Amino acid sequence: MREFTEQEQQRREGRAAIEAQDINPYPYSWDVTDYAQSVLDRFDDAIHQPDESGVSKEPFTVSIAGRIMKKRVMGKASFIDILDSSGTIQVYVARDSIQEGYYNGVFKKLLDIGDIVGIEGYVFRTKTEHVSVHATRLVLLAKALRPIPIVKEKEGVVYNEVTDKEFRYRQRYVDLFVNPEVRKTFVLRAKLVSALRSFLDEKGYLEVETPVLQPIYGGASARPFTTHHNALDMELYLRIADELYLKRLIVGGFEGVYEISKDFRNEGLSRFHNPEFTMMELYVAYKDYDWMMDLVEEMVEVVAMSLHGEAKVNVGGNEISFKRPWKRIPLLDAIKEKTGYDLFGKSRDELAEIGKALKLEIDSTMGSGKIIDEIFGEFVEPNLIQPTFITDYPVELSPLAKRHRDKEGLVERFEVICNGKEICNAFSELNDPEDQRARFEDQVRLKDKGDDEAMAIDEDYLRALEYGMPPTAGLGVGIDRLTMLMTGQDSIRDVILFPLLRPEVAEGTEDSDTEDSSEAEPVTSQEA
RNA sequence: GAUUCCGUAGCUCAGCUGGUAGAGCAUCUGACUUUUAAUCAGAGGGUCCCAGGUUCGAACCCUGGCGGAAUCACCA
């Protein structure tokens, strides 16, 4: 058994004292009729404010519930701040206004900051002009046995703000109620996903679900997580992308399908990478990547509008505008513009020379596509702040994309770069089964050379393509990154509720293996 | 995986060139029926992340480990 801190012991004693009065510290429900924000919004001095005799034209009675965040006791009356899902409201608790005996018997001594309570009362404005609820009934709904961090604020200055990242990620439940802007971020994230979904639904695309557990992983270059199915005694992989399954559905005759779901990649963690992350993938039949660029512009603008009411956002001092149209520039042109080197038609060795001239580390295992990608990543990508379509990638980097209709060695693919980071990736989908087989075979050669991110041949996918897939445009959007951009967060952990962390040593388990005789004793805290 | 920085009370932090710990808020006791970082008076609370080492003596110096952050590498 973990040793309790002083404050935890005091709270447990408080709980016992409450139970000794036949009060359940964890009752079953509370009838909520109002929320902090709506009360503040709806209060009208003309009709709700009581006069000197305590009578108002139209009493504004409410029933609210939430967590006690502050408690200011002044003898026979107190103010508490109650936090609910909408925000905070002050409650005036006077001894003679609530249940008889409750003020001195329970409220003053036994209710703590952090406890969750239900309050009935009427709304009024205090002498200091603060809209408050004058409690007529106050009920404990859940006792908090741990003290919560107390954050205070005066004149815009926040005191004792909980800033410790580890604390905040490990105990997100606390982070959410002590840092209001954290909740806002996740509300925005939900809005973003819902705006995306309704945008796609309105276009008539079908939301589908495809397997997370896959016998062959594919659709991206990444290392997978591996797991095992006992009954079938088979290795399975957690998907690294939805792509190949969604395109099978296009073969099946759906003309527009999308999926919003988690992908899993077994790679390092960073400000931009969490091993599980959310992707939206969309495939539309009979379209190509030019069409998809138009769609992406429209979609992102709509999303920005639905979150902010305008098509722009401030991130790290940059004002980013999503207003259409966005700049479109071929990858090699963008590189030429920034570095002066024209890479078109250059051989692998010529590219390596240019790479070295640009002071990049080029080794013999890197193919020409990889070198181009390095140059782009180093000299172009970080400088693209406004949303920009970078188009036409080397074929070796894009084994699932269709060859460019005009440009030899390239594919019809684009990425959108914004604030120096990729936010989506799309192409005209490769639907020639024989070219696809050849591309897979190239991947296998890479795998044999030791590239553990190269794709495997997916025979079933090839079989599907052999039945005929219409020309198709495909898109993948990193939802976490898009959320970062739209909410101005600079770490992916701030847009994922429970980011992956190393396991912590659980409280009270440091000596859990040693015998502990005190456990045998029955704990009787009920009687007091 | 590499490098740098960080880890002291429930929270936010201080702790000088090594002399075994302090503040504010929170908590406890008392006062106070319109306060708002409420106020006033008093009190308690710490395996200084862990394990070794150096030293008469370590929160502080050294070594190793654990955890976090940033940067890099890989990627979305």
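Quick caveat, the model's predicted, so the values are computed rather than measured. In the text below, chain A, chain B and the rest are named by the order of the sequence lines, each starting its count at 1.
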Would you classify A:Ile423 as touching base, sugar-phosphate or nothing, given that sugar-phosphate means primed atoms plus P, OP1 and OP2, and contacts are heavy atoms under 4.0 Å? nothing
If you look at every strand shown and take non-hydrogen atoms under 4.0 Å, does A:Glu422 touch a base, only sugar-phosphate, or nothing? sugar-phosphate
Is the phosphate of B:G30, meaning OP1 or OP2, less than 4.0 Å from a side-chain N or O of A:Lys109? yes
Below 3.5 Å, does any donor atom in the side chain of A:Asp164 face an acceptor in the base of B:G7, or the other way round? no
Taking N and O atoms by type only, does the side chain of A:Thr126 place a donor or acceptor under 3.5 Å from a partner on the base of B:U35? yes
Can you find a donor-acceptor N/O pair under 3.5 angstrom joining the side chain of A:Tyr92 to the base of B:U35? no
Given B:A69, is OP1 or OP2 found less than 4.0 Å from the side-chain N or O atoms of A:Arg271? no
Phosphate OP1/OP2 of B:A38 contacted by A:Arg72 side-chain N/O (<4.0 Å): yes
Taking the same atom, C1', in B:G44 and in B:C28, what whole-Å distance lies between them? 7 Å
Please measure how far the C1' atom in B:G45 lies from the corresponding atom in B:A21, and state the result in whole Å. 13 Å
Using a 4.0 Å heavy-atom cut-off, does A:Arg170 contact any base of the nucleic acid, only the sugar-phosphate backbone, or nothing at all? sugar-phosphate
Of A:Glu378 and A:Val151, the one whose nearest nucleotide on RNA chain B sits closer to the 5' end is A:Val151
Per A:Ser132 side chain, nearest of listed nucleotides B:U35, B:G68, B:G10: B:U35
Can you tell me how far P in B:G22 sits from the matching atom in B:G67, rounded to whole Å? 33 Å
Side chain of A:Gln10: nearest nucleotide among B:U34, B:U27, B:U33? B:U27
Between A:Arg67 and A:Asp84, does any NZ, NE, NH1 or NH2 come within less than 4.0 Å of an OD or OE carboxylate oxygen? no
Base, sugar-phosphate alone, or nothing: which one does A:His134 contact when heavy atoms must sit under 4.0 Å apart? nothing
With a 4.0 Å limit, can you tell me whether A:Arg502 has a side-chain N or O closer than that to the phosphate oxygens OP1/OP2 of B:G68? yes
By the 4.0 Å heavy-atom rule, please label A:Gly478 as base, sugar-phosphate, or nothing. nothing
Once you apply a heavy-atom cut-off of 4.0 Å, does A:Glu6 come out as touching a base, just sugar-phosphate, or nothing? base
Could you check whether A:Phe124 gets within reach of a base, just the sugar-phosphate, or nothing at all, counting any heavy atom under 4.0 Å? base
Taking only the side-chain nitrogens and oxygens of A:Lys152, find out if one of them lies under 4.0 Å from OP1 or OP2 of B:A38. yes
So what does A:Arg168 hit on the nucleic acid, given a heavy-atom distance under 4.0 Å: a base, only sugar-phosphate, or nothing? nothing
Has A:Glu181 got more than 12 heavy atoms of other residues, nucleotides or ligands less than 6.0 Å from its CD? yes
Distance between C1' atoms of B:A2 and B:C11 (Å, rounded): 34 Å
Considering only atom C1', compute the distance from B:A37 to B:U12 and round it to an integer number of Å. 13 Å
Nearest heavy-atom pair of A:Asp115 and A:Leu110: which atoms, and what distance? OD2-O, 4.0 Å
Can you name the one residue among A:Lys143, A:Lys71, A:Arg146, A:Lys70 that meets salt bridge (charged side-chain N to carboxylate O under 4.0 Å, His left out) with A:Asp112? A:Lys143
Any base atoms under 4.0 Å from A:Asn274, or only sugar-phosphate, or nothing? Heavy atoms, all strands. base
Using the C1' atom as the point on both nucleotides, what is the distance between B:C48 and B:G7, in whole Å? 10 Å
Mind telling me whether A:Phe376 and A:Tyr393 have parallel, tilted or perpendicular rings, with 30° and 60° as the class edges? perpendicular
Plane angle bin for A:His134 and A:Tyr92 - parallel if under 30°, tilted between 30 and 60°, otherwise perpendicular: perpendicular
Between B:U35 (C1') and A:Ile68 (CD1): distance, integer Å: 16 Å
Does A:Lys370 reach a base, just sugar-phosphate, or nothing at all? Heavy atoms under 4.0 Å. sugar-phosphate
Just to verify, which of A:Val257, A:Leu400, A:Asp242 counts as forming a side chain to side chain contact (heavy atoms under 4.5 Å, CB included) with A:Lys247? A:Leu400
Could you tell me whether the side chain of A:Glu155 has a donor or acceptor atom within less than 3.5 Å of a complementary atom in the base of B:A37? no
Taking any heavy-atom pair under 4.0 Å as a contact, classify A:Val158: base, sugar-phosphate, or nothing. nothing
Pairwise P distance, B:G24 and B:C56 [rounded to whole Å]: 38 Å
What nucleic acid atoms does A:Ala222 come within less than 4.0 Å of, heavy atoms only: base, sugar-phosphate, or nothing? nothing
Nearest-nucleotide check on RNA chain B, A:Phe272 vs A:Glu153; residue mapping nearer the 5' end is A:Glu153
Which part of the nucleic acid, if any, lies within contact of A:Thr5, taking any heavy atom under 4.0 Å across all strands shown: a base, the sugar-phosphate backbone alone, or nothing? sugar-phosphate
Does the separation of the ring centres of A:Phe107 and A:Tyr102 fall below 6.0 angstrom? no
